[in-house]
Amino acid sequence: MSFQPQEQVDLRPFNTLGISAHARYFTCVRIQPQLQAALRWAMENDQPWLLLGGGSNLVLAGDVPGLVIRLEMSGKRVVHEDDEHVWVRAQAGENWHELVRWTLEQGWSGLENLSLIPGTAGAAPVQNIGAYGVELKDVLEQVLVLDALDFGLKQLSVDDCQFGYRDSLFKREAGRRVILSVDLRLRKQACLQLEYGPIATELERRGIQEPTALDVSDAVIAIRQSKLPDPAELANAGSFFKNPVISAEQAAELKQQFPDMVQYPLAAGQVKLAAGWLIEQAGWKGRAVADAAVHERQALVLVNKGAATGAHVLALAAQIQADIAQRFGVRLDIEPVIVGAQ
Ligand SMILES: Cc1cc2nc3c(=O)[nH]c(=O)nc-3n(C[C@H](O)[C@H](O)[C@H](O)COP(=O)(O)OP(=O)(O)OC[C@H]3O[C@@H](n4cnc5c(N)ncnc54)[C@H](O)[C@@H]3O)c2cc1C
């Protein structure tokens, strides 16, 4: 298959932070042979490559050298079912939220808490997307990847993917494995996760006592719309920092100093802190570097008010990190993937 990439393409329409940066080479792939041709071209021409889905978890620090490959393979279908479960396979380029709603409309549950997360099905395993007490790994059966080392196709199990909190093998070895499709194990009888307080409150507000999975999805959508800016209206990449995990001893000391500090005890003597709480307490809401700003209502979200560059966003992030480290002795890690020349 002959391959001819576009050159010097502005990636602004392809990232939800709305940052303008140019890809030296750019292509969209809809079928596997196109993907293989693109990867072979990059290797033969000694060009690095960047895999791109919906661009909702990226910070473009500068122009991107090499070839940007936008994955647009579409399709979803049932691959297997038994009395209790149905296994759905989604191709990498499927829109995640549309996939979630489609499964719910068929009467299958499992993805309802993960409603309205932007991006593609293929990127969902990369940071093991999670929300409201559910992570992708809880519903994932396996992932089909193309390994760029030998062009072999491999099915990876959940264990193979080495999932962690907003982390996986794919995030640690970026670019090597292209996720082609994901298989999700869904339930025919709903088993709802309602521990997260605001979901129960929202269902109550709607007068729903025996919710279906679709009701939970509707509630999650309403909560998210009230809390998070819509990238179509105000450019952003969702949560900009991971919630830090610290030792129980450090958490106890901090609790003495800051009695209101939000803390979630984890297994193994560790405690998770709410990054948004730390940033808000430190007074960062609304503060800005050029057009890069901390959202007025949601301290965990950095927004682009128009002409922010990756450098502006990262300078703001660095100031926040330094301040939080100084005030609380806690390190904040950036959640989105940083790409491009810095
Ligand atoms: C408003 C908003 C809210 C959000 N809320 C959440 C949330 O609640 N929970 C959460 O976990 N995340 C959240 N996110 C982050 C983001 O939506 C997810 O990480 C999503 O899975 C990214 O998908 P994408 O297709 O946009 O990936 P991209 O941003 O295009 O890519 C992200 C990374 O994955 C790699 N990649 C993409 N596709 C593939 C593939 N097929 N194979 C291998 N690697 C690939 C890319 O190279 C890059 O390293 C939010 C983002 C926004 C803007």
Side-chain angles (χ1 to χ4, degrees), residues 32 51 53-54 56-57 71 73-147 152-173 177-196 199 203 210-221 224 267:
Q32 216 170 290
L51 303 172
S56 64
N57 209 28
L71 299 160
M73 298 86 113
S74 64
K76 52 186 181 292
R77 66 186 174 96
V78 172
V79 283
H80 181 61
E81 66 183 298
D82 63 19
D83 291 345
E84 285 176 38
H85 292 100
V86 53
W87 283 262
V88 167
R89 177 165 302 161
Q91 301 302 311
E94 283 290 317
N95 175 279
W96 175 258
H97 178 62
E98 285 169 18
L99 172 68
V100 170
R101 292 299 289 190
W102 176 77
T103 62
L104 294 167
E105 280 153 15
Q106 311 306 307
W108 308 322
S109 83
L111 304 183
E112 53 278 2
N113 293 40
L114 301 177
S115 298
L116 212 62
I117 296 180
T120 55
V126 175
Q127 74 155 358
N128 180 27
I129 56 168
Y132 306 111
V134 175
E135 289 185 326
L136 181 79
K137 69 170 174 47
D138 303 328
V139 285
L140 188 74
E141 181 76 29
Q142 59 184 5
V143 172
L144 179 66
V145 301
L146 182 120
D147 192 329
L153 293 179
K154 290 172 195 154
Q155 287 285 5
L156 301 187
S157 68
V158 171
D159 281 350
D160 293 334
C161 296
Q162 300 173 22
F163 287 123
Y165 164 60
R166 300 292 186 271
D167 195 30
S168 74
L169 177 68
F170 312 110
K171 202 165 183 179
R172 290 194 292 275
E173 294 182 8
R177 297 174 189 85
V178 187
I179 297 169
L180 299 176
S181 64
V182 296
D183 285 8
L184 304 164
R185 189 186 55 259
L186 307 174
R187 285 176 179 273
K188 292 183 173 177
Q189 291 288 327
C191 174
L192 303 174
Q193 302 285 324
L194 303 174
E195 289 85 55
Y196 185 82
I199 297 184
L203 289 168
E210 287 181 24
T212 63
L214 208 47
D215 292 329
V216 174
S217 171
D218 289 342
V220 166
I221 291 170
R224 292 183 70 103

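The figures that follow rest on heavy atoms only: side chains count, while hydrogens, waters and symmetry mates do not. Owing to the predicted nature of the structure, the values given are computational and were not obtained by experimental measurement.
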Between the main-chain N or O of Thr212 and the side-chain N or O of Asp215, is there a donor-acceptor pair closer than 3.5 Å? yes
**Prompt:** Does some side-chain heavy atom of Pro118 sit less than 4.5 Å from a side-chain heavy atom of Asn95?
**Reply:** no
Smallest heavy-atom separation, Lys171 atom then Asp167 atom, equals CB-OD1, 3.9 Å
Value for CZ (Arg101) from CD (Gln106), rounded to nearest 0.5 Å, stands at 12.0 Å
Closest non-hydrogen contact found for Ala121 with Leu99 is CB-CD2, 4.2 Å
On a heavy-atom basis, the closest approach of Ser115 and Val100 is OG-CG1, 3.7 Å
If we only count heavy atoms from C-beta on, is the Leu140 to Phe163 side-chain gap below 4.5 Å? yes
- Should Val220 and Leu116 be marked as a side-chain contact (heavy atoms from CB on, under 4.5 Å) after you check the CA-CA gap, both sets of side-chain angles, and the distance that decides it? CA-CA 8 Å; Val220 166; Leu116 212 62; 5.7 Å; no
>> Any heavy-atom pair between the side chains of Val216 and Leu194 that's under 4.5 Å?
In response: yes
Checking Trp96 side chain against Leu114 main chain: does a donor-acceptor pair fall under 3.5 Å?
yes
OH of Tyr165 to NZ of Lys137, rounded to nearest 0.5 Å, is 13.0 Å
- Using modelled atom types only, decide if a donor and an acceptor are shared between the side chain of Glu112 and the backbone of Gly110 within a distance under 3.5 Å. yes
Q: Assign the ring pair Trp87 / His80 to parallel, tilted or perpendicular, where the plane angle (0 to 90°) is split at 30° and 60°.
A: tilted
Distance col, row Leu156:CG vs Leu169:CG, nearest 0.5 angstrom, shows 7.0 Å
Checklist entry - Could you go step by step and tell me if His97 and Ile221 meet the side-chain contact (heavy atoms from CB on, under 4.5 Å) rule? => result CA-CA 10 Å; His97 178 62; Ile221 291 170; 3.7 Å; yes
One should read off an interatomic distance between Leu186 CG and Leu104 CG, to the nearest 0.5 angstrom, of 8.5 Å
Review point. Should Leu184 and Leu136 count as side-chain neighbours, where that means a heavy-atom distance under 4.5 Å?
Key: yes
Self-check item: From CA spacing to verdict: side-chain contact (heavy atoms from CB on, under 4.5 Å), Val78, Trp108
Solution: CA-CA 11 Å; Val78 172; Trp108 308 322; 3.4 Å; yes
All heavy atoms of Tyr132 vs all of Asn113, minimum pair found to be O-ND2, 2.9 Å
Worksheet item: Run the side-chain contact (heavy atoms from CB on, under 4.5 Å) check on Leu144 and Ile179 step by step: do they pass?
Response: CA-CA 6 Å; Leu144 179 66; Ile179 297 169; over 6 Å; no
Should the pair Arg177-Asp160 be classified as a salt bridge under the 4.0 Å nitrogen-to-oxygen rule?
no
Closest heavy-atom pair, Asp147 versus Lys154, reported as atoms and distance to 0.1 Å, is OD2-NZ, 3.1 Å
**OP:** State whether the side chain of Ser168 and the backbone N or O of Cys161 hold a donor-acceptor pair below 3.5 Å, judged by distance alone.
**Re:** no
Applied to residues 179-195, the side chain to side chain donor-acceptor pair (under 3.5 Å) test, sequence neighbours excluded, yields Glu81-Lys188, Arg89-Asp183, Glu141-Arg185, Gln142-Asp183
Nearest heavy-atom approach of Gly93 to Thr120 is O-CG2, 4.0 Å
key: Greater than 12 external heavy atoms within 6.0 Å of Glu173's CD   = yes
For Glu94, is there any backbone N or O sitting under 3.5 Å from a side-chain donor or acceptor partner on Glu98? no
Is it the case that the side chain of Asn128 and the backbone of Gly164 share a donor-acceptor pair, with hydrogens and angles ignored and the cut-off at 3.5 Å? yes
- Message: For Gly130, is there any backbone N or O sitting under 3.5 Å from a side-chain donor or acceptor partner on Arg166?
- Response: yes
